[in-house]
Enquirer: 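Let me begin by handing over the structure; questions about it come next.
Below, chain A is the first sequence line, B the second, and so on; all start at residue 1.
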There are 2 protein chains.
Amino acid sequence: MEDVAKRAGVALGTVSNVINQPQKVSRATIDKVQRAIAELGFVPNRAARALAAGTSNTIGVVIADLSNSFFVDMARGAESIAAESSINVVLANADMRRSKQAANLDLFRQERMAGILLAPLPGADGSLLTGRNRTPLVFLNDAAIEGACTVSVDNEYGGYLAASHLLAIGRRRLLFAGDPAQAVPIADRLRGVERAVRETAGASLELSPTPEVQADDGRTLGFAIAHRPESERPDGIVAAADLLALGLVQILGADASIRIPEDIAITGYDNNRAAWESLIPITTIAQPGEQIGAVAMALLLEEIRDPEGHEHTHSVLEPTLVVRASTQRT
Amino acid sequence: MEDVAKRAGVALGTVSNVINQPQKVSRATIDKVQRAIAELGFVPNRAARALAAGTSNTIGVVIADLSNSFFVDMARGAESIAAESSINVVLANADMRRSKQAANLDLFRQERMAGILLAPLPGADGSLLTGRNRTPLVFLNDAAIEGACTVSVDNEYGGYLAASHLLAIGRRRLLFAGDPAQAVPIADRLRGVERAVRETAGASLELSPTPEVQADDGRTLGFAIAHRPESERPDGIVAAADLLALGLVQILGADASIRIPEDIAITGYDNNRAAWESLIPITTIAQPGEQIGAVAMALLLEEIRDPEGHEHTHSVLEPTLVVRASTQRT
DNA sequence: AAATGGAATTGAAGCGCTTCACAATATACA
DNA sequence: TGTATATTGTGAAGCGCTTCAATTCCATTT
């Protein structure tokens, strides 16, 4: 930078101003300096900048699991908002391990990031907000944390949406596939389903817990349902996840005595790739991943810009219903 | 850090040594200093460290597309190797845009990262290795670049593997699904298939280009094949990608007159989730994503440790065959 | 007891930038 | 013409760390 200053015939501070506050510098000087920068191929040193300024203009995103596209969507949404303020975003993957999550958080704090977005592993709590070195931090996809902003999705409403859709197309014998004891979001979804059923006269709900929510679990349940006498089969199934729904559709759809959606309509949850690549595309509840990221980034930027006046917000977004062939013939 | 030094009753430099070169400090002093660090909740400032030392111990990974699990695997492989040397890894997503790729590369260079791993967009060239500020850089999944290490996968061999497998289980009328003009890797895979066919007496190959390699393209082709007279159908299909294979399996598997794999055996490529979640799991060619990342990181660390003596290497890894039900009944 | 050498410790000199009090110059007004 | 007010530009003082020459301390050796 000293070389640039010399070459442009100005002071060190002026070069800095050209880079950071061009409005304080005259047109002519800006040109001179920028020419010198170009000629010398000057690349500013962000480490020095972060040190001198006390903070960088980069935001770190710590993600529980990179292989989950839901989290990746969040990251993308966050990036799009950050880009508007020309703020950089870097990611770190916790790979489902608590130790890596903590290490990545540490790293970003040590780098004096402007702020951190955290899509945590299940069971996150306020302890992640270590007392010292309070880098602004917003939680993604987690609502139960005090002392920081959170952005999450209303799973209860998602379940309600799915069940309401089935009820609206005339189904009355509903089945919920998935184990509410396995994960809090699944329990929330079930609550929403129960509410919808309660609100509809003549509707019944059967709970069918599965060990997990993989395609295989869906297939196992599918066989079980296919073997029932026709009168005891449900006419609508809310699966707790898309893969589960996929397994169900694969088995029930292959059974000659069952038509999807006429005899059994099926909904999934998450709007995974699996849902629309199925031979019979699956109706699902889409989580607004990008929107979560975008809202969270907006909240974070607000906190960064006004740390004092900032009040923590708990934002809850609504999922949306995506209707496909597994519930409605087109 | 000054406070820590004061509290422990030692000099500033000693605290630094405790953190970075404990072997140069006596046991007793280490204990004193570490106690002070803990009591004060001292968090070192990496920006300052990077500035003073001239480089950080963080490596940046720039990825063309985060939603592609192949790239995510590479990142994971890279991380596992870096962890062994307690080197941090951060990611940046180019989101399939050339401008973001360049911006992220700039960012990492400006942060004076120890090194960069780049899984580039198609069509990368040496221009990404800007002359000044030569941060060590290794290309992932791209072989055609001089002036840097590269780590890639042998697509020709992958195609050869797939075709050889079909030939080995007695198939002779092969069909390749996918357009070699659409992407270089697909053309490579086709070359491998052709080589295998050439080596086998009595084997023939039909080329069936598809617009893209999505499930829909597979379905379209599937219908076309199902409508052919039985004698004109292939008995083995090499699909250029798993989704393509998935579409084929969905349609051909649903046709009552066709048995998979007895009448038509099908292979995919990539070992996507889609391949094993299919009702009939699909035989595929697995790309060693994690291995690519691991090898690349090892190469990068070597270059970082000995910038002078380092010679650029072009490492080509071999994909592996994963046999599933679409070619072989278990 | 003096001399020797290695280990442990010190502290000052930067690393490359931002910031800010101040100086210089330009513009406006009476 | 002189003074007040903006507008630009200046350069020195850090930011928090690493490094390294210099110093101190001790255990050995002679």
Enquirer: Would you confirm whether the ring centroid of B:His312 sits within less than 6.0 angstrom of the ring centroid of B:His310?
Expert: yes
Enquirer: Does A:Pro44 reach the side chain of A:Arg49, with side-chain heavy atoms less than 4.5 Å apart?
Expert: yes
Enquirer: Pairing donors with acceptors under 3.5 angstrom, does anything connect the side chains of A:Asp270 and A:Gln287?
Expert: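 Distance-only check passes for A:Asp270 and A:Gln287.
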Enquirer: Taking B:Asn68 for the side chain and B:Phe70 for the main chain, is one N or O donor matched with an acceptor at less than 3.5 Å?
Expert: yes
Enquirer: For nucleotides 26-28 of chain D, give me every protein contact, N/O to N/O, under 3.5 Å, one pair per line with atom names.
Expert:
none

Enquirer: Write down the atom of B:Met96, the atom of B:Leu121, and the distance for their closest heavy-atom approach.
Expert: CA-CD2, 3.4 Å
Enquirer: Scan nucleotides 9-18 of chain C nucleotide by nucleotide, 5' to 3', and note B when protein non-hydrogen atoms come under 4.0 Å of the base, S if they reach only the sugar-phosphate, - if neither.
Expert: SBB--BBBBB
Enquirer: Give the minimum heavy-atom separation between B:Asp65 and B:Asn93, together with the two atoms involved.
Expert: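 Smallest interatomic distance, heavy atoms only, reads CA-OD1, 3.8 Å.
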Enquirer: List the steps, then state whether side-chain contact (heavy atoms from CB on, under 4.5 Å) holds for B:Val33 with B:Val10.
Expert: CA-CA 8 Å; B:Val33 172; B:Val10 300; 4.0 Å; yes
Enquirer: Has A:Ser56 got a side-chain atom pairing as donor or acceptor with A:Thr58's backbone, closer than 3.5 angstrom?
Expert: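 Between the backbone of A:Thr58 and the side chain of A:Ser56 there is a qualifying donor-acceptor contact (under 3.5 Å).
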Enquirer: Please list, in numerical order, the residues of residues 300-309 of chain B that have a heavy atom closer than 4.0 Å to any atom of DNA chain C.
Expert: none
Enquirer: Over all heavy atoms of both residues, which pair between A:Met297 and A:Leu117 is shortest? Give the atoms and the distance, please.
Expert: CE-CD2, 3.9 Å
Enquirer: Would you call A:Arg35 and A:Asp31 a salt bridge, taking side-chain N to carboxylate O under 4.0 Å as the test?
Expert: no
Enquirer: Looking at D:dT7, I'd like to know if its phosphate oxygens (OP1 or OP2) sit under 4.0 Å from a side-chain N or O belonging to A:Gln23.
Expert: no
